[in-house]
Amino acid sequence: KNIEENKKDQSIYTKKRVLFTSTRGIGSKYRHLMADLISLIPHSKKEDKIDDRKTLSLINETCEMKSCNYAILFDVRKGTDCFLWMAKTPLGPTVKFHITNVHTLDELQMTGNCLKGSRPFLHFDKSFDSEVHLQLIKELITQIYSTPKGHVKSKPFFDHVFSFFYQDGRIWFRNYQISDQEFKKDSLLTEIGPRMIMHIDKIFSDGFGGSVLYSNPNYVSPNNTRSDHKLSKANKYIKRKY
Amino acid sequence: HLKSNRQKYVVNDIEGMKSKLRDFKLSSGKVPWVHTLAVTSQTPLDIEDIHDDFHREIAFYKQTLQSVTECEKLCAQNGLTVRRKPDFFAEMIKSDQQMHKIKTNIQSEKKRVETSE
């Protein structure tokens, strides 16, 4: 009877699934990034693209239908700006990031490789414990990215590590291979990819909705960056005149 | 100076976030390590210039390496095998074709440097 109870207890850690979806017009680069993450996260499920940005809360229902309890949405606007939404559905929280500096697995500079479906170690920088909104993000990332123990598609070995660093007000993501087959003494790391920088925009209380719990004061939207850039250029002649 | 023109509506609801965190943490954060495999570094990163690619990557690498050794210890304690058996073959994240491409790319790069010297 005790064992049975134990099994029931464990199911809250092992019964999880992440729904991956995107909005229309995602573009090749971010589509590749999404495909990379799907192949790295064995407990994931891909869903059709979303037509309407105004009703994102419908994702909660899709999750329920597909028996997923987490969701990741790639929302690409104007073909260039990628917003990544990570959510625990349906009760929340949801974090909205702006994604920059993306390198996918298909690029040639990263030489590492790992088994498909092996469970990753997760590494966090200590800075994540310093503030409440970072603690919340750390917890959400841990729940989404950690592969459940004994998952059907997972392997009983460990050969890669996901690293999350908090630097310069952004979250930096790296994925390293742990290899010691050739180098017997210490384990050596080789980067596998993908790479990305996640800029925190907002944290919402529910799944794709609810009240705003946090909005980053240092975040500048890509639209504003562009218009600032344009303005600084536009005033070139006026400045020269005086 | 341009940024200051834009009034931003800033929210930092610490109490709200704390209660949310309590709500969605699995078993109030006391998840056995074998289920998450997550570790946090002992010291925060110390990087002088984040835009200096080389030093930044070295710092990232070192911190990750520390955590990996920590994880391997924890694996041993929890009775998990870390190393893959040499005769265990399975599908990899990157295909053989892709790995071949990467190798030839490195080799051609090496050759290019050598010839230029």
Side-chain angles (χ1 to χ4, degrees), chain A residues 12-14 39-40 88 91-93 105-106 108 111 113-116 119-129 132-133 135-136 139 142-143 146 148-149 155-159 161 163 165 167-168 172 174 176 178 180-181 187 189 192 203 205 211-215 217 220 224 228 231-232, chain B residues 2-3 6 8-14 16-18 20-21 23-27 29 31-32 34-45 47 50 56-57 60-61 63-65 67-69 71-72 75 80-86 88 90-94 98-99 101-103 105-106:
Chain A
I12 57 160
Y13 312 127
T14 53
S39 65
L40 285 166
K88 178 158 187 167
L91 294 173
L105 283 174
D106 285 335
L108 291 176
T111 52
N113 203 351
C114 66
L115 280 172
K116 198 168 184 170
R119 299 175 67 209
F121 293 139
L122 300 180
H123 162 79
F124 288 96
D125 183 17
K126 196 179 180 351
S127 324
F128 277 97
D129 292 339
V132 182
H133 68 276
Q135 286 169 14
L136 188 121
E139 178 65 26
T142 313
Q143 291 187 19
S146 60
K149 189 169 178 267
K155 308 281 188 302
F157 313 107
F158 304 94
D159 62 352
V161 50
S163 307
F165 308 95
Q167 277 290 314
D168 192 32
W172 302 62
R174 294 284 183 271
Y176 295 99
I178 309 163
D180 85 331
Q181 309 280 326
S187 56
L189 304 179
I192 305 170
I203 298 176
S205 63
S211 58
V212 178
L213 291 178
Y214 176 81
S215 81
V220 186
N224 288 352
D228 283 353
L231 264 177
S232 66
Chain B
L2 281 165
K3 279 178 205 167
R6 265 180 216 112
K8 251 196 106 171
Y9 184 56
V10 173
V11 186
N12 192 2
D13 181 3
I14 289 181
M17 280 193 283
K18 272 185 181 161
K20 195 82 226 174
L21 191 57
D23 286 350
F24 92 104
K25 255 187 183 173
L26 298 178
S27 58
V31 184
V34 284
H35 292 295
T36 64
L37 305 175
V39 284
T40 309
S41 69
Q42 296 297 315
T43 47
L45 268 178
I47 299 175
I50 194 79
R56 185 191 62 225
E57 292 306 320
F60 283 179
Y61 179 94
Q63 211 190 33
T64 309
L65 196 58
S67 289
V68 167
T69 28
C71 279
E72 286 180 350
C75 270
L80 300 171
T81 38
V82 179
R83 296 292 155 226
R84 172 156 67 122
K85 291 179 194 98
F88 184 95
E91 198 189 353
M92 306 290 276
I93 286 287
K94 291 180 188 171
Q98 168 74 358
M99 291 310 282
K101 258 190 195 169
I102 292 169
K103 258 181 206 163
N105 184 49
I106 290 171

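Below, read A as the first sequence line, B as the second, and so on, with proteins coming before strands; counting in each chain starts at 1. Computed from heavy atoms alone, side chains included, the values below leave out hydrogens, waters and symmetry copies.
In this structure, the portions of B/M17 lying under 4.5 Å from any heavy atom of chain A include both its backbone and its side chain. Heavy atoms closer than 4.5 Å to chain B are found in the side chain of A/V161, but not in its backbone. Contacts of A/Q143 with chain B are made by side-chain atoms alone, with heavy-atom separations under 4.5 Å and no backbone atom involved. In this structure, chain B has heavy atoms under 4.5 Å from both the backbone and the side chain of A/T111. For a residue to count as touching a neighbouring chain, one of its non-hydrogen atoms must lie under 4.5 Å from one of that chain's; by this rule A/F121 touches chain B with backbone and side chain alike. With a threshold of 4.5 angstrom between heavy atoms, B/T43 approaches chain A through N, CA, C or O but not through any side-chain atom. At a 4.5 Å heavy-atom cutoff, the contact between A/T142 and chain B is made by side-chain atoms alone. Heavy-atom distances place both the backbone and the side chain of B/N12 under 4.5 Å from chain A. Only the side chain of A/I203 has a heavy atom closer than 4.5 Å to any heavy atom of chain B.
When all heavy atoms of A/L91 and B/K20 are compared, the closest pair comes out as O-NZ, 2.7 Å. Looking at every heavy atom in both residues, A/D125 comes nearest to B/T40 through O-CG2, 3.8 Å.
For the pair A/F158 and B/L80, the minimum side-chain heavy-atom distance is below 4.5 Å. You'll find the side chain of A/H133 stays beyond 4.5 Å of the side chain of B/D13, heavy atoms only. A heavy-atom distance below 4.5 Å is found between the side chains of B/I93 and A/N113. Two residues are said to be in side-chain contact when any heavy atoms from C-beta on lie closer than 4.5 Å; B/I47 and A/F165 fail this criterion. Side-chain contact between B/E57 and A/R174 is present, with heavy atoms from C-beta onward closer than 4.5 Å.
Rounding to the nearest 0.5 angstrom, the gap separating the NZ atom in A/K155 from the CD atom in B/E91 is 7.5 Å.
Only one option out of B/T36, B/V34, B/L26 pairs with A/Y13 in a side chain to side chain contact (heavy atoms under 4.5 Å, CB included); it is B/L26.
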- prompt: What do the steps show when you test A/S146 against B/L37 for side chain to side chain contact (heavy atoms under 4.5 Å, CB included), and what is the final call?
  reply: CA-CA 7 Å; A/S146 60; B/L37 305 175; 5.9 Å; no

message: A/L115 vs B/F88, test: side chain to side chain contact (heavy atoms under 4.5 Å, CB included). Steps then yes/no.
response: CA-CA 10 Å; A/L115 280 172; B/F88 184 95; 4.2 Å; yes

